[in-house]
Amino acid sequence: MLQLLQKAGRWLFDPLRRVLDRGFGQQLNPLNFLGALSIYFFWIVTVSGIWLFIFFKTSVVGAYESVEYLTHDQWYLGGVMRSLHRYASDAAIITLVLHVLKEFLYDRHRGNRWFSWVTGVPLLWLVIPLGITGYWMVWDQLGWYVALTSAELLDWLPIFSDSMARNFLSADVLSDRFFTLMAFVHLIGLPLFLVFGIWLHVLRINGPRINPPRVLMAGSLIAMTVLSLVYPALSQGDVDMTTVPSSLGLDWYYLLVYPLMKYWSPGWVWGLLTGTSLLLCMVPWMPPMKGKSCAEVDLDNCNGCARCADDCPFGAITMEPRSDGKAYETEAVVDPGLCMTCGICTGSCPTATPFRRHTALSPGIDSPDLTAALLRKKLLEAVEHLEGNHRIIVFTCRDNARSSRLKSNPKNSQTAIVDIICAGQLPPSFIDFVLSRDLADGVVLAGCPGGDCQYRFGAEWTSERIARQRDPQLRKRVDNSRIALGWQEPWSVCGDLPKIVTALRESLPAVAEAMHGPPPGRKNPWKIPVTAFAYIAFAAIVGYLSVWPRFQLVDEGKAMISLSFSHAGQRIRECRKLTQEELNKLPPNMRKPDDCPRERLPIRVVFSANGETLYEAIRMPTGLWKDGSSNVYRRLTVEGGNQHLFIGMNESGESPDFDFALEQEVDLAPGKHLVVEFDDIQQSFVFKEE
Ligand code: HEM
Ligand code: SF4
Ligand code: SF4
């Protein structure tokens, strides 16, 4: 089932990747730097956030006013910074979602890669609240909605004994201290955890790509700045708790689940969020990756050169002090918990050479799944049927689906195919072996598209080894014009593997082009249109979903009523006067005239509008000893207009009578917000409209 999903997803993702390849080129395709781009957007958020904080006032009145000052009076800098802060945060969510999607679709989350996947999930629980608290701090109508809904969600958790949401129902309850707390959470608490989380996330990756290429950084910054100037981020009106905003521009990147609270209870929303996260954590084992062995070191052939440790993309090899008494200082040691069996270490081992005659082909490090000896055997078998003087041998990595078209033609006597785990598994000496022994006339190495190797660095390391820039280098005697690399797929010649093979066979200039891109004189006609369109489309999506489609908190023509109070129910039994005899038995410091039980009874509350019961509940006392007040909090919507409202409360359990009640005709205009409170001093209910 999941595999089917992966296949379907790749079917959509691949064309997007190909289009971007045409404009950006494979090495700069933004889809190869999604994690790094997310980090980069967080950098923009940090820098712009520092500027905003300099002017931000952490008080109920000051918060909104200071953001308005930045947006309008200082639009040229503060306004741009505010917009950049918002849009870069939104852009980070887009690249983050694509990052997760891509790792999943291309199966880069299973096996020993589970660690990066599983540590990625808590990052979502840090990033989303980071955005939510940001909107909260602006304290406009949206900030009020965010505060109220977040508090309703938090109230469902057994953390606070009193209702937090009640603080956001009338202006006189809200305190400045709350903004100081928010500033701490948003500016220090969550970002610190995020930095630690990202560090952990990439901990087991060798040489993680933390920074995208500079061109992409510049392009993204320009796109976000232009969006900020053309469509600046604005506040959505000062908070007026007596009315409900007619419609809100929601930032769907961060507030996607909030509208659900209009229809679901907070418990269901928490269920959805935790369920999705747990499911996400389990995905690497659905199904588990099985049957993969781990690279093995043969100390008889290891000279401790450390090339394998440098090249392993997953940091699975460490160089440890020599254990076999040989004259070398170190030896390679593989951690089976990290090895992804990509074979790249065999490609980097100088002892993996097929020229050996007298000793068995046993390199210092080898993959039991496909040993170097087996690879040589497969190669020799494959070339047996080759004929003519245009014989091509194609080494293709298993994940490269493009080789299937070549394989589907077994009668082809000019092309032979040898599957390897990853293009990086092939030691350059094998190419030398093929050409110097005249086993074929040309060699094609086919791998994943540039910059996006399934095993991270396979294609990159091999290109460098063949270009003689990385050890072990291809020997100088090998004629490079007889080699084509399939992942350096330029926009013109080699759309797919058969084309590369034909190009190698028929035309040497085409091979040069296949390997090194179009000649300098010839421009890529796709570059400007594709890159411009990509940046414009990206900025448009960022801007659109940051406020559209708009959300209606209450439907047209309706008004909102919040029931919000706490009241202590009666004690489970009456207090009793102690007799003098009983008092005498007590130590002097504990002599109280009354004996009162701590535990209290629940309260029963009924609320109706125009005779229709909208809320009826028995609320239990809070506290471990059931000695606290009972809390009532519920947001309701009613038709706007004249309403006959009734609220009744019984403080001694489930009795049908009411100890306190209020019945009143109220003119509730559509969009009005009325709060039903209990005045503890007057001991009566109040319908509070102002
Ligand atoms: C703040 C959010 C995140 C950031 C900044 C981030 C960043 C990164 C970076 C920089 C890498 C290294 C890429 C490379 O060098 O090839 C990476 C790898 C990875 N990430 Fe994330 N990531 C985030 C969230 C997530 C999430 C939510 C998931 C999945 C649930 C995830 C799954 C992975 C996986 C599986 C890898 C390993 C890829 C490999 O082994 O080739 N990441 N991430
Ligand atoms: S590359 Fe080969 S010889 Fe060098 S340390 Fe690794 S296993 Fe040993
Ligand atoms: S097979 Fe790949 S992951 Fe395993 S040790 Fe070798 S290079 Fe590292």
Side-chain angles (χ1 to χ4, degrees), residues 32-42 92-93 95-97 99-104 106-128 130 194-195 197-199 201-202 204-212 277 280-281 283-284 292-299 301-319 328 330-336 338-352 363-369 421-422 424-425 427 451-458 461 471-472:
N32 298 343
F33 301 96
L34 291 166
L37 277 170
S38 306
I39 295 178
Y40 174 63
F41 284 124
F42 288 134
I93 296 293
T95 49
L96 179 57
V97 170
H99 169 61
V100 177
L101 207 65
K102 198 183 126 196
E103 301 304 326
F104 167 70
Y106 293 90
D107 213 30
R108 295 176 189 178
H109 61 300
R110 295 191 306 138
N112 286 331
R113 278 166 152 168
W114 68 267
F115 183 83
S116 295
W117 180 271
V118 173
T119 52
V121 179
L123 293 183
L124 297 175
W125 282 85
L126 292 171
V127 169
I128 302 293
L130 197 55
L194 186 63
V195 169
I198 294 175
W199 168 79
H201 181 58
V202 297
R204 281 170 64 161
I205 298 178
N206 192 7
R209 278 180 297 205
I210 300 291
N211 297 315
S277 304
L280 213 56
C281 284
V283 168
K292 282 215 169 186
S293 51
C294 143
E296 285 171 5
V297 176
D298 175 8
L299 279 187
N301 288 290
C302 171
N303 59 26
C305 70
R307 279 176 199 154
C308 55
D310 288 346
D311 282 4
C312 172
F314 303 97
I317 305 174
T318 43
M319 299 309 296
Y328 307 111
T330 53
E331 66 187 37
V333 176
V334 179
D335 180 348
L338 295 175
C339 176
M340 285 300 299
T341 331
C342 62
I344 289 176
C345 47
T346 311
S348 66
C349 185
T351 63
I365 193 161
D366 214 351
S367 298
D369 277 4
I421 304 173
C422 166
Q425 188 194 9
D452 198 30
C453 169
Q454 180 71 6
Y455 296 105
R456 304 188 62 240
F457 295 129
W461 293 168
D471 282 330

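Atoms within a ligand are numbered from 1 in the order they appear, just like the ligands themselves. Source: prediction; values computed, not measured.
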Could you tell me whether the side chain of N301 reaches within less than 4.5 Å of the side chain of P363, counting heavy atoms only? no
Quick one: CG on D298 to SG on C349, what's the gap to the nearest 0.5 Å? 9.5 Å
Look at atom 4 (Fe) of ligand 3 and say which protein heavy atom is nearest, naming residue and atom and giving the distance to 0.1 Å. C339 SG, 2.4 Å
If I take atom SG from residue C308 and atom CG from residue D366, how far apart are they, to the nearest 0.5 angstrom? 12.0 Å
Among protein heavy atoms, which sits nearest to atom 27 (C) of ligand 1, and what does the distance come to when rounded to 0.1 Å? G120 O, 3.1 Å
Can V297 and I317 be said to form a side-chain contact (heavy atoms from CB on, under 4.5 Å), step by step? CA-CA 10 Å; V297 176; I317 305 174; over 6 Å; no
Return the option from V97, V127, I39 holding the heavy atom at the smallest distance from atom 5 (C) of ligand 1. I39
From the candidates H201, Q454, R456, the one that places a heavy atom nearest atom 21 (Fe) of ligand 1: H201
How close does the nearest protein non-hydrogen atom get to atom 35 (C) of ligand 1, and which residue and atom is it? R108 O, 3.4 Å
The closest protein heavy-atom partner of atom 6 (Fe) of ligand 2 is C308 SG, 2.2 Å
Identify, by atom number and element, the atoms of ligand 3 in contact range of T341, meaning under 4.0 Å from any of its heavy atoms. 1 (S), 4 (Fe)
Atom CZ in F42, atom CD1 in I198: separation rounded to 0.5 Å? 6.0 Å
Who's the nearest protein heavy-atom neighbour of atom 8 (Fe) of ligand 2, and how far? C302 SG, 2.4 Å
Taking both backbone and side-chain atoms into account, decide whether C305 has an N/O/S atom under 2.8 Å from atom 4 (Fe) of ligand 2. yes
M319: numbered ligand 2 atoms lying under 4.0 Å from its heavy atoms: 5 (S)
Smallest heavy-atom separation, C312 atom then A316 atom, equals SG-N, 3.3 Å
Check for a donor-acceptor pair, side chain of Q454 on one end and backbone N or O of Y106 on the other, with a separation under 3.5 Å. yes
Could you grab the distance from atom CD1 of I128 to atom CG of L96, nearest 0.5 Å is fine? 7.5 Å
Any idea which atoms of ligand 2 are less than 4.0 Å away from a heavy-atom of I365? 7 (S)
Would you tell me whether W125 and S277 have side-chain atoms, one donor and one acceptor, within less than 3.5 Å of each other? yes
Nearest heavy atom to atom 39 (C) of ligand 1 wins, so pick from R113, K102, R110, H99. R113
Near M340, which atoms of ligand 3 are under 4.0 Å from a heavy atom of that residue? 3 (S), 4 (Fe)
Can you tell me the protein heavy atom closest to atom 34 (C) of ligand 1 and the distance? S116 CB, 3.6 Å
Take I365 and R307 through the test side-chain contact (heavy atoms from CB on, under 4.5 Å) and record every step on the way to the result. CA-CA 11 Å; I365 193 161; R307 279 176 199 154; over 6 Å; no
Should you measure from each heavy atom of I317, which atoms of ligand 3 turn up under 4.0 Å away? 5 (S)
Side chain, backbone, both or neither: which part of L126 comes within less than 4.0 Å of ligand 1 when only heavy atoms are counted? neither
Output yes when a side-chain donor or acceptor of T341 lies under 3.5 Å from a complementary backbone atom of S293, and no otherwise. yes
Which residue supplies the protein heavy atom nearest to atom 2 (C) of ligand 1, what is that atom called, and how far is it? L96 CD1, 3.2 Å
Could you list which atoms of ligand 3 come closer than 4.0 Å to a heavy atom of C342? 1 (S), 2 (Fe), 3 (S), 7 (S)
Closest to atom 30 (C) of ligand 1 among protein heavy atoms sits W117 O, 3.5 Å
Using a 4.0 Å heavy-atom cut-off, which part of R209 comes near ligand 1: side chain, backbone, both, or neither? both
of all protein heavy atoms, closest to atom 38 (C) of ligand 1 is E103 OE1, 3.2 Å
What do the steps show when you test V127 against I93 for side-chain contact (heavy atoms from CB on, under 4.5 Å), and what is the final call? CA-CA 8 Å; V127 169; I93 296 293; 3.6 Å; yes
Numbering the atoms of ligand 3 from 1, which are under 4.0 Å from a heavy atom of F314? 3 (S)
Identity and distance of the protein heavy atom lying nearest atom 7 (C) of ligand 1: G35 CA, 3.6 Å
Does N303 reach ligand 2, in the sense of a heavy atom lying below 4.0 Å from it? yes
For N112 and M340, indicate whether the former's side chain and the latter's backbone hold a donor-acceptor pair under 3.5 Å. no
With under 30° as parallel and over 60° as perpendicular, where do the rings of H201 and H99 fit, or are they tilted in between? perpendicular
Are F104 and ligand 1 in contact, using a heavy-atom cut-off of under 4.0 Å? no
Considering only heavy atoms, does L124 approach ligand 1 within less than 4.0 Å through its side chain, its backbone, both, or neither? side chain
Could you grab the distance from atom CD of E103 to atom NE2 of H109, nearest 0.5 Å is fine? 9.5 Å
Within the 4.0 Å heavy-atom cut-off, what L338 brings close to ligand 3 is neither
Candidate pair R204 and W114, rule side-chain contact (heavy atoms from CB on, under 4.5 Å), full reasoning: CA-CA 10 Å; R204 281 170 64 161; W114 68 267; 4.0 Å; yes
Hey, looking at atom 11 (C) of ligand 1, which of I198, L34, V202, V121 has the closest heavy atom? V202
Whether F104 and W117 hold their rings parallel, tilted or perpendicular, with breakpoints at 30° and 60°: tilted
Would you tell me which option among G364, C349, G347 has the nearest heavy-atom contact to atom 2 (Fe) of ligand 2? C349
Under 4.0 Å to a heavy atom of V100 - the qualifying atoms of ligand 1, by number: 26 (C), 27 (C), 28 (C), 29 (C)
Working to the nearest 0.5 angstrom, can you tell me the gap between F457 CZ and C342 SG? 11.0 Å
Where does A306 meet ligand 2, judged by heavy-atom distances below 4.0 Å: at the side chain, the backbone, both, or neither? backbone
Please could you name the atoms of ligand 1 that F42 approaches to less than 4.0 Å, counting only its heavy atoms? 1 (C)
